[in-house]
Amino acid sequence: MNPETMTVALGDRSYDIFFGREIYSLFQEWICRFYPGGTVHVVTDRNVASIYGDDIQRWLAGIPHDVLALPPGEEHKNFDTVREIYGFLARGDAGRDSLVVAFGGGVVGDLAGFAAATYLRGISCIQVPTTLLSQVDSSVGGKTGFNLPEGKNLVGAFHQPRAVFIDDAFLLTLDDRNLRAGMAEVVKCALAGDAELWDRLLAVGGKWKALSGEEWRWVVRRAVGFKASVVERDERETSLRRILNLGHTIGHAMEKSGGYGRLLHGEAVAMGLAWEAILGMKLGVTGEELVDGLVSLLIGMGFPLDDPGVALTSIAAAIGMDKKRMVSDVDLPLVAAPGRCELRRVPLAEIRRELPGIRAEIRERSIARELNIPAGNAVPEESPVSNLVHVGDEVYEIRPVEENVAPAVPAEAGPEIGKEQATAVEPESEQAPSEIRAAPAVRTVTLADLYWSQGEHSTARRIVGEILRDDPANLRAQAWLAARAGDDLVEADLLAFLETMAKEYGYDLS
Ligand code: GLY
């Protein structure tokens with residue numbers, strides 16, 4: 001297959017991006033042509049080396065090279081690791097005409113790129129990104145750097161690569177979680193600047209993992225093409241390039257307040273995209289239909305859209321603190337239409353103020369989407385949390401704490417709903433009506449799935465356990481439990497979850 005090429009036009013810093021499957025012979029040809037004779041200095045990490053050791057050898061076959069495998073992970077994206085790369089280059093006699101090859105994901109690319117930008121006042125670097133996230137985002141555009149204890153990416157340099165080799169063969173062996181995380185940046189690119197890509201993603205929906213090689217290359221090329229066009233117009237992020245931060249203002253805050261390492265960057269970006277779309281709706285920029293499509297798409301792709309373990313106060317505190325600078329407002333990219341983004345200066349205080357309403361909407365819309373409720377049914381305008389949530393043909397109630405009323409059967413509810421509510425009441429809750437019940441009144445495997453996807457594993461298990469208690473022959477519930485038999489049990493306590501909800505919204509979820 002002939003690789004496809006895209007040029008990032010930046011004057012004397014212009015470079016080509018090559019796309020294709022198994023394009024290592026092209027890589028070798030490129031190196032032999034532009035860097036003949038010298039040793040190539042390959043920087044990777046131990047995870048990549050253990051998974052792609054053979055690939056690295058295949059890619060570098062016939063080329064004199066040495067390899068440095070860094071400790072993997074965001075926690076090693078620091079100056080100690082940069083020094084390790086400097087030492088590696090010095091020991092390898094790297095000169096001004098040497099070439100660094102960053103072979104790995106975003107952390108490797110940022111660190112190797114930064115070392116190349118600064119060693120001997122700058123040597124050449126090429127990028128071979130092995131994750132979807134690094135293919136569609138970090139390998140292109142020249143941002144390099146590392147974290148300080150005080151904040152992410154506080155030290156860095158713009159240093160454009162000499163070439164980027166994007167090989168979709170790496171995606172075949174990428175684990176699901178990392179592949180999905182990369183899709184968040186693809187969705188970002190579609191929303192911010194490529195309506196055709198957006199339509200394609202909507203059409204593919206939850207079946208994105210089954211894309212053919214050709215379709216993958218198309219999706220990746222479109223995302224990269226959008227990014228490259230932005231970089232060409234604003235290499236140093238003085239204005240337009242800020243639209244690439246779509247979803248990142250709240251996304252970074254979620255990533256940071258949950259503790260780095262808990263969420264992958266792309267997972268936090270997916271949450272940020274959804275939360276910021278709802279903010280955009282509240283600010284009158286983003287339409288409801290687009291928000292519905294986005295929430296539906298992200299959930300269909302398997303992203304949780306909330307991290308229930310993270311308090312809103314932490315998210316609020318982390319917003320705008322990325323660079324350890326306290327600013328009063330941000331240029332927030334907001335989506336006006338698919339593929340069309342606008343930057344709007346928004347006071348941080350306003351974003352923080354909207355957070356409770358945004359989280360409530362996210363939860364409502366997630367439930368509505370999972371259970372196939374048309375948009376609007378579950379989210380009454382007057383309240384961030386509706387009193388009655390219709391779940392298929394079942395209903396449950398969210399009521400103010402102080403009311404402490406008996407579980408409600410809505411007057412307009414049909415007899416089946418009433419029956420469901422009546423049978424759902426636990427004996428314990430009759431004895432202690434002011435206490436929060438052990439599980440939501442509605443118990444369906446789909447609802448359990450939703451709780452599971454939001455990290456509420458103990459609640460999900462309890463729901464399925466209760467379904468099986470009432471109906472031991474329920475095959476779906478049995479299969480659900482069996483599928484999670486080996487899963488790590490994160491016993492997020494139901495009471496703690498409900499108390500958090502109660503505290504955050506002044507409501508009691510029954
Ligand atoms: N990842 C955003 C940018 O490169 O500007």
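In each ligand, atom 1 is the first atom listed, and ligand 1 is the first ligand listed.
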**Q** Measure the distance from atom 4 (O) of ligand 1 to every protein heavy atom, then report the residue, atom name and distance (to 0.1 Å) of the closest one.
**A**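 Here the closest protein heavy atom is Lys227 NZ, 2.6 Å.
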**Q** Do Thr81 and Asn78 pair up side chain to side chain, a donor and an acceptor below 3.5 Å, judged on atom types alone?
**A**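 There is such a pair (donor and acceptor under 3.5 Å, judged by atom type) between the side chains of Thr81 and Asn78.
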**Q** By the definition side chain to side chain contact (heavy atoms under 4.5 Å, CB included), identify the one residue from Val107, Leu174, Leu179 that meets it with Thr131.
**A**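 Result for side chain to side chain contact (heavy atoms under 4.5 Å, CB included) with Thr131: Leu174.
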**Q** Of the protein's non-hydrogen atoms, which lies at the shortest distance from atom 5 (O) of ligand 1, and what is that distance?
**A**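 Sorting protein heavy atoms by distance from atom 5 (O) of ligand 1 puts Arg241 NE, 2.7 Å first.
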**Q** Are the aromatic rings of Trp59 and Phe170 close, with centres under 6.0 Å apart?
**A**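 They qualify: ring centres under 6.0 Å apart.
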**Q** Do the side chains of Leu148 and Asn153 get nearer than 4.5 Å, heavy atoms only?
**A**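 Contact flag for Asn153/Leu148 side chains = no.
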**Q** Applying a heavy-atom cut-off of 4.0 Å, say which part of Val231 lies close to ligand 1: side chain, backbone, both or neither.
**A**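 It is neither; nothing of Val231 touches ligand 1.
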**Q** Test your reading of the structure: does Lys143 have an N or O sitting under 3.5 Å from an N or O of ligand 1?
**A**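 Between Lys143 and ligand 1 (N or O atoms, distance only) the closest approach is under 3.5 Å.
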**Q** Please state whether Glu185 comes within less than 4.0 angstrom of ligand 1, counting heavy atoms only.
**A**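 So Glu185 does not count as touching ligand 1.
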**Q** Let me know which of His248, Arg262, Lys152 forms a side chain to side chain donor-acceptor pair (under 3.5 Å) with Glu255.
**A**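 The residue from His248, Arg262, Lys152 that satisfies side chain to side chain donor-acceptor pair (under 3.5 Å) with Glu255 turns out to be Lys152.
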**Q** What atoms of ligand 1 come within less than 4.0 Å of a heavy atom belonging to Asp137?
**A**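 Answer, ordered by atom number: 1 (N), 2 (C).
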